Amino acid sequence: MDSIKWKYTYRNRQYIIGGAVIITLLIFVARLFFLQIISDDYKKWADSNAFQRRTLYPSRGVIYDRNGKLLVYNQPSYDIMVVMNEMQPFDTLDFCQTIGITTDNFKTRIANIRDRKLNPGYSKYVPQVFMNQLSADVYGVLQEKLFRIPGFYIRNRAIREYGCTIGANLLGNIGEVSKKDIEGDDYFVPGDYSGRSGVERFYEKTLRGEKGVEILLRDAHGRIKGKYDDGREDKAPVSGKNITLSVDFDLQTFGEKIMGEKHGAIVMIEPSTGEVLCLVTSPSYDPNMLNGRQKMQDNYPTLNRDPNRPLLDRSIMGTYSPGSTFKPAMGLIYLQEGVITKEKTYTCAGGYTYLDGHPHCHSHFSPISLVPALATSCNSFFCWGLHEMIDFRSRYKTVQEGFEVWKNYIVSMGYGYPLGIDLPGEIRGFIPNSKYYDKVYNNRWNSSSIIGIAIGQHEINATPLQICNLAATIANRGYYITPHVVQSVQDENLAEQYTTRKSTGINREYYEYVAEGMRGAVTGGTCKALYMHDIEVCGKTGTVQNPHGRDHSACIAFAPYNNPKIAIAVYVENGGWGATVSIPIARLMLEKYFYGEIPYYDRHLETLMTAWSTAPNSPYYKKTETGD
């Protein structure tokens, strides 16, 4: 019995010892596999004893305007790099004084580099950014001292320079990548720079190019002895591609000058191509204010806190009620749905008299049909049209059904969703649907509840880009091409998007009626100030009710009447009547586009509009209005 028990115990020990040996071997094998296959720390350590890999940064693509004017280019810059494994004691005080930091700041920077939470992927064998964008003067002094500072070296980079003082929101700026950027794109490592806004951000992958690498050979003391294998293993960087904008910067410069201290936007689109020729947002700022690390640190907080919000690109991020510039879209829907004909008239006894608190109107003849209703900007006509479209049960079974038909047409014209311009941050605006009104009015509503949308008010919100796109669509008589600011797009998907016609589904002949009405607005209606003796301009004013202050001034236009070359939208916050500010600005912009300069007889108008301000104490703040 004892013999059997002893054998049983012995066998258990054998299994235990054997299992322990096997587990130990597995641990060693797993650790070796991790070090040599999965983790690259061992390889980095081994390589760092013999090699130093230096990243070679490509030259970032430059940016031109449509006429070949150089807008954004590169200037030399210098970064201080450190390989932590190679650091040895040195005179840190002299080093700090040379580059203009304190010793406490030096310690903080070293600690932050070693902090894997702040610096993901940190390795003491790999060069890390200690400080970027040194000035040429500091670089020259430091270069002479580097031989006494082990572990540190200079990396040549480039920073952006702007050959203009306008177009900041359009062009964008460059900034250091964030942790999120690094996690989302393998191209980036800490200390890299990328586009943070505007064209620089949207076309980041086009502009940045491809990094190269230089492999240097070390001796036993870590000193650089030259290139490994005579440089045959090096990879040259590939420069980024240059970009040509569709924007005419002479036109852009003039637009920003005319907007002056006003808040708002000017957008100009070439209807046949969708190319944006002018994208003004006001107020703006000099792009050189955010050029480089120090300027970014000094100026960005100030710009961000500015109550005038110069960092907001109002042309694509500002959302406004379009006001009467929306009426052409309403007329097109009524025509397509058979609600009206070109000849059908509605009465206008000073406004839409169907309900109390009705939208008022200014003086013109009555009854009135579509073409003169557009020319005189009759509120009543478009309110009656909406009433007849969605309230008459002979047309649709429910008000919700009729409203959804209306909404789908509006969306087809480019409202309610981002148009897809090649700039980051475009806002969608807002076009309500029937479910929205069901919730607001507890399923009990009709045209009287929402009558303000018939004249582009109440819940309707759009960006100046969308408002201008309507003008371009009318100019094309029923289609638009997605607006874009880069003239030649090399990405196949983007190229298709920016060359494809998008139809609204509304008959071309109805666009002819609307164009006729907009031409009538210039020849004898609310847009008379747009009249040009040698160019047939079509326009539409907009005066937008503003519960928070003075009304907003808006207009759209295109020219010539036949075979249009240009479409424009102007929106001035608190500008009053559309004819007061927006129409004169649109006239000047069209003259600049067609003539290249402002004719002598309108130079007083240029002076007046440049100085015009919405500030109540301004001598140009008009108290009397001329009408919509």
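These figures come from a predicted structure and were not determined experimentally.
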Review point. Under the side chain to side chain donor-acceptor pair (under 3.5 Å) criterion, do Asp391 and Ser447 qualify, and how do the steps go?
Key: CA-CA 6 Å; Asp391 285 354; Ser447 66; 2.5 Å; yes
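- Judged by distance alone, with hydrogens and angles left aside, the side-chain atoms of Gln252 form a donor-acceptor pair with the main-chain N or O of Leu279 at under 3.5 Å.
- The residues Arg196 and Glu200 are annotated as not salt-bridged, no charged nitrogen and carboxylate oxygen being separated by less than 4.0 angstrom.
- When the salt bridge (charged side-chain N to carboxylate O under 4.0 Å, His left out) test is applied to Arg428, no partner is found at least two apart in sequence or on another chain.
- Geometric assessment of Lys592 against the ring of Phe254 yields a positive cation-pi assignment under the 6.0 Å and 45° thresholds.
- Checked by atom type, the side-chain pair Lys257/Thr610 shows no donor-acceptor distance below 3.5 Å.
- Shown here is Lys565, whose NZ atom has no more than 12 heavy atoms of other residues, nucleotides or ligands within 6.0 Å.
- Residue Tyr285 qualifies as enclosed at atom OH: its count of foreign heavy atoms under 6.0 Å is above 12.
- Interatomic distance, CD1 of Ile583 versus NZ of Lys528, reported as 10.5 Å (0.5 Å rounding).
- In this structure, Asn304 CG and Asn299 CG are separated by 12.0 Å, a value rounded to the nearest 0.5 Å.
- Crowding of Glu401 atom CD: a count of heavy atoms from other residues, nucleotides or ligands under 6.0 Å exceeding 12.
- Arg477 contributes atom CZ, which lies 14.5 Å from atom OG of Ser503 (distance to the nearest 0.5 angstrom).
- In this structure, Asn476 and Pro564 have side chains that are not in contact, with every pair of non-hydrogen atoms separated by 4.5 Å or more.
- When all heavy atoms are compared, the tightest approach of Lys344 to Val339 is NZ-O, 3.3 Å.
- Within the structure, the ring-ring contact (aromatic ring centres under 6.0 Å, His included) test picks out the following pairs touching residues 313-335 (sequence neighbours left out): Tyr320-Tyr571, Phe326-Tyr415.
- By the 30° and 60° cut-offs, the orientation of the rings of Phe381 relative to Tyr346 is perpendicular.
- Minimum heavy-atom separation, Ile340 to Gly331: CD1-O, 4.2 Å.
- For the side-chain contact (heavy atoms from CB on, under 4.5 Å) test, residues two or more places apart in sequence or in another chain that qualify with Val405 are Glu337, Met389, Tyr396, Tyr409.
- Looking at residues two or more places apart in sequence or on another chain, you find no salt bridge (charged side-chain N to carboxylate O under 4.0 Å, His left out) involving Arg519.
- Between Thr482 and Gln497, the side chains place no donor N or O within less than 3.5 Å of an acceptor N or O (distance only, hydrogens not considered).
- Partners of Glu275 by salt bridge (charged side-chain N to carboxylate O under 4.0 Å, His left out), not counting sequence neighbours, listed by chain and number: Arg66.
- With respect to the salt-bridge test (charged N to carboxylate O, under 4.0 angstrom), the residues Glu204 and Arg201 do not qualify.
- A donor-acceptor pair is defined here as one N or O able to donate and one able to accept, closer than 3.5 Å; no such pair exists between the side chain of Arg305 and the backbone of Leu303.
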Check your understanding: Could you go step by step and tell me if Thr541 and Thr526 meet the side chain to side chain donor-acceptor pair (under 3.5 Å) rule?
Key -> CA-CA 7 Å; Thr541 51; Thr526 58; 3.0 Å; yes
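- Ring geometry for Tyr510 versus Tyr513: interplanar angle of 30 to 60°, hence tilted.
- Applying the salt bridge (charged side-chain N to carboxylate O under 4.0 Å, His left out) rule to Asp248 yields no partners; only residues at least two apart in sequence or on another chain are considered.
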